[in-house]
Amino acid sequence: MVQAVHNLVKGRIRLRVSGLYRSRMLKGFLESRLHQVKGISGASANVLTGNLLIVFNSHHTTQTVTILIEGIVSDYRRLPSNGHVSPSTVTTAAASPLEQPAVHPWHALRTDSVLTMLATTGAGLPEHTARERLMQYGPNVLPEALRRSRFGILIDQFASLPVALLAAAAALSFMTGGIADALVILGVVCINATIGYVTESQTEDTLHSLKKLVTPSAAVVRNGALLTIRAEEVVVGDLLALRPGSYIAADARIVESRHLYVDESALTGENMPAFKTADSTLAAAVPLADRINMVYMGTLVTGGEGLAVVVATGGVTEMGQIQVLTGEALPPETPMERRLRQIGNHSVWLGGLACGLVFVIGLLRGYGFVRMFKIAISLAVAAVPEGLSTVATTTLALGIRSMRRHHVLIRYLHAVETLGSVQTICLDKTGTITMNRMSVVAIHTSLQPITIAEGRFVSGGVPIDPFICDELLRLIHASVLCNETVVSHLEEECVLTGSPTENALVHLAVSAGIDVLKIRERYPLLRMTQRSENRNYMTTLHRSDPSSRLLAVKGSPREVLDMCRWYLKDGQQVPLSEEIRATIEIENERMAGDSLRVLGIAYAYQDHTGEDGVHAERGLIWLGLVGMADPIRSGVKELIPRFHQAGIDTVMITGDQSPTAYAIGKSLNLGGNGSLEILDSTHLATVDPQVMEALSKKVHVFSRVSPANKLQIVQALQRAGRVVAMTGDGINDGPALKAADIGIAMGHAGTDVAREVADVVLENDDLETMIVAISHGRTTYNNIRKAVHFLLATNLSEMLVMSASMTAGLGEPLNPMQLLWINLISDIFPGLALALEPPEPDVLSRPPRNPHEPILNTADLKRIAYEAGVISAGSMGAYTYGILRYGMGPQAGTMAFLTLVLGQLMHALSCRSERHTIYDSLAAGTPLPPNRYLQLALGGSFAVQAATLASPGLRSLLGIAPLGVADALVVGGGALFPFLVNEATKHRIHSTTNNHTTLRPTPAIRGDVHEG
């Protein structure tokens, strides 16, 4: 059962425990019990190896510890596994101090047994008990993986293939007598390591701060009262109130449920919500995905309601155990970092081959072995783009910081690069496109339209008193009874706490002079049934008198109308004929066509009730339609064309009826220059995935959408090859936000659920900042391309100069020290400065990039080779001039050296844009936005280069000879020539290549799509 694996170290023992392998429940049980044993200072169970490590003091021996473990394992195995708990077990558990969570198979126990073992009741924990347990077990937070130490970050700067090559080059230079060369190489390594250390330390701080952007809350019952607390304050024994959109803050056993559905995809991978119930016990061995009486931390309630008692918090929850197992793992590389690492490694091997070629050519030309060896080493150092290692992390982290200044919070590093490739943005209507500030503006009751303005009810131009119109009064009463808004009074003000829709209904009653609190006191609430996945209406059951109950219903007009058999006319209950139903449906379409959100209201008196409080065979009494307006956010109408200009398709997703959705979509011009096409999503779940994929390419508006439909739409767009961004703020947006390539939540008005699963949070709820985020995402990617382009082109130019000269028998234009100097001056700081370029003026006038395209494609590599060739030609031209005038020697080499350095520095200016040239700026008078970082980098590099001519020590170190005025003009011309040529050929090269995705029109698709 228990076997010692290692016990040679005093005070430490490692045991192999039978049954521990892959059993997180036994792990929690062992660690919980051992933490309570005096003299045990540490206990760590590993479910991957089945081993248990224990640290103990002199009160114990290895023998006593082994016996102790055997006893604990025996206690664990006596736990009930068939769902029935003996009274003795319950008594023992209740009498002993509360054990650490997750030490029992809670799903196998009866509800009353769980409550007894956790010492809680249906009224929840007393506040003082909750505080004691919070002190005992600590906050309900997941264990964080250890941050990389500063020393570890520093060491990592030297753990790459390019740096290893540089270190080897330094060692070889030192061994061959090139001490100065070795020192310069080490200087290059140290400068890169310093830059990498500083930037990665800042990146680590940025990533760590991202974890604190979201602070979820939880609704709990304590002392019989419903409270909203921070999720980290939830303790074992708390009763969680589960409502649609609730973020489940801890692992819990369900004690009450009504039509409860939970999205558990974070744990099980299942996309469809799981049905949950309290009315069953299960075998202990049931897999997590089948535990229908349990809910787990990190999952989301998508429908129904219920209560659950917390059985585990923090690190011993299922989510916490997963995080513990992966806690030692470092965050994965982003796709960008991985591609850059591959480019760096390939450059090392290609540079090595080129250096070997130069070495062999030099030997064949009669140069000495040691001399050529030093040149080859220096050329290898120059060929290595060591700056690539810091480009990605620096640029992505700085992109996050820049977006924060624009109130865009990026929660994950990879989201920055994904933003640049967004092709379709799905816009949730309520709270994103609209203000989510509902107000009732129209009512239709007794076949009579009524408008509401400034608290006045008017029909046909005649004011109506709600207290005289029986149908209107009953409709208002039903609206405030079937309603969760909490009404309270602050001094003389009425304060409403609830959803915008329900607040609007209560405000309607208040403006009509109705005392909402008295109405609710007159009809006490007995039961409430929330909307669920397949029920687009809400019901509440109230006590009317000792023998009857009042049922109030509100929701989708069609679904509510289908349950009605009667309606009120002049205070009388009249049968609903087909003609009257048609009239109500026509009015519903008319109100929805006016961009109103429409609800149907009904009621019934019953002697008794079924499960839902609805007896379809008896029928409900129709009261009328309520139309609410939700104003479109300021700036959204102007924003949609900007998305279209950026090549991004816009899709609106809403739960509203088709006429309402169509009217809003038309006003926003979601269809662009084409016709607006809308799809009613009522039966979308039954549509074949291939058909859905085809429809998703064509439709601009999806109406009558459920949370499952939103997820289905996002996944269909992704299957169609689109990079999808999904915006949302509500409880029902969570699954789609999580599934989208980029989930975007509203920071102020958004729910905890939306912010928890989103990749991007718009802090100021302004959708216009989404354009800023996309612009920065594209700019970040483009800047990385610019830096890589610059580093590869300049490094290649050095190899071309050396190889061409050696092959042509023109000697060695650059000595080893000059090659190292070029690498030090012209590579590092200009390359990093290019990664900090501001957005180009037309960045949002281009289509999104193809996410599957490499950073550098074939056309880019050809362009890099061309530019490197032109830079090399400028340097070779100056070198040839020097040879013709002075012969092979220091003067000619100096001219080649200075021309190459200045040409590379000027090439940094050319790499600022792939499209814009200096000629465009001169012609149009609209230069690119200034980059002060590049100005500083180039200014510093030019200044240091000038110092080589003025300082005798540097001249001697680099082997620079003095030059005349004519020589300086040749050097200047040789450096300027490549810049002018490369600028002039940008348009020609770009016109023959396309580095971005081309958006092709999609053929029209017929069927259930309505065209505008």
Side-chain angles (χ1 to χ4, degrees), residues 160-166 169 184-185 187-189 191-192 195 339-359 375-391 784-806 813-835 855-856 860-876 896-897 899-911 937 941 975 978-979 982:
S160 68
L161 184 58
V163 173
L165 179 61
L166 293 177
V184 173
I185 294 173
V188 172
V189 172
I191 290 175
N192 274 289
I195 295 172
R339 291 169 186 165
L340 288 179
R341 177 175 53 78
Q342 292 169 349
I343 290 175
N345 291 343
H346 291 158
S347 299
V348 168
W349 295 116
L350 291 175
L353 290 174
C355 295
L357 180 63
V358 170
F359 177 75
I375 291 176
I377 289 175
S378 302
L379 192 57
V381 172
V384 174
E386 64 279 350
L388 288 179
S389 61
T390 58
V391 165
I784 293 175
R785 278 174 49 87
K786 293 171 186 178
V788 173
H789 189 120
F790 169 76
L791 291 172
L792 295 182
T794 53
N795 287 358
L796 180 58
S797 68
E798 297 161 29
M799 288 190 288
L800 290 176
V801 167
M802 291 297 294
S803 58
S805 298
M806 301 294 287
L814 305 172
N815 62 45
M817 189 58 68
Q818 288 174 345
L819 285 168
L820 296 175
W821 181 264
I822 293 173
N823 189 66
L824 187 65
I825 293 300
S826 66
D827 273 9
I828 301 173
F829 294 104
L832 285 176
L834 281 171
I855 294 179
L856 299 175
D860 295 322
L861 295 175
K862 290 179 179 178
R863 177 64 183 173
I864 287 171
Y866 173 82
E867 292 173 352
V870 175
I871 296 172
S872 303
S875 180
M876 288 297 296
F897 167 64
T899 305
L900 188 58
V901 171
L902 298 180
Q904 289 186 356
L905 292 177
M906 294 189 70
H907 190 59
L909 295 173
S910 183
C911 288
S941 297
F979 174 74
N982 286 331

(Q) Do V788 and D860 have side chains that approach each other closer than 4.5 Å (heavy atoms only, starting at C-beta)? (A) no
When rounded to the nearest 0.5 Å, the distance separating CG of L900 from CD1 of I822 is 4.5 Å
Any idea how H907 and H789 line up, ring-wise: parallel (<30°), tilted (30 to 60°), or perpendicular (>60°)? tilted
*Answer yes or no: is there a donor N or O on one side and an acceptor on the other, between the side chain of S797 and the main chain of S872, under 3.5 Å?*
no
Determine whether a donor-acceptor pair (N or O, by modelled atom type, separation under 3.5 Å) exists between the side chain of S875 and the backbone of A896.
yes
Between A833 and A937 the two heavy atoms that sit nearest each other are CB-CB, 4.0 Å
Worksheet item: Ignoring hydrogens and geometry, is there a side-chain-to-backbone donor-acceptor pair from R785 to L856 under 3.5 Å?
Response: no
CG of L902 to CZ of F897, rounded to nearest 0.5 Å, is 9.0 Å
So CZ of F790 and CG of L905: to nearest 0.5 Å the spacing works out to 6.5 Å
Note, N982 side chain near R863 side chain (heavy atom, < 4.5 Å) | yes
Separation between CZ (F359) and CE (M806), nearest 0.5 Å, reads 10.0 Å
dist L791:CG -> L796:CG (nearest 0.5 Å) comes out at 12.5 Å
So CE of M802 and CE of M876: to nearest 0.5 Å the spacing works out to 10.5 Å
Correct closest heavy-atom pair for P978 and V870 would be CA-CG1, 3.4 Å
Correct closest heavy-atom pair for T899 and G874 would be CG2-O, 3.6 Å
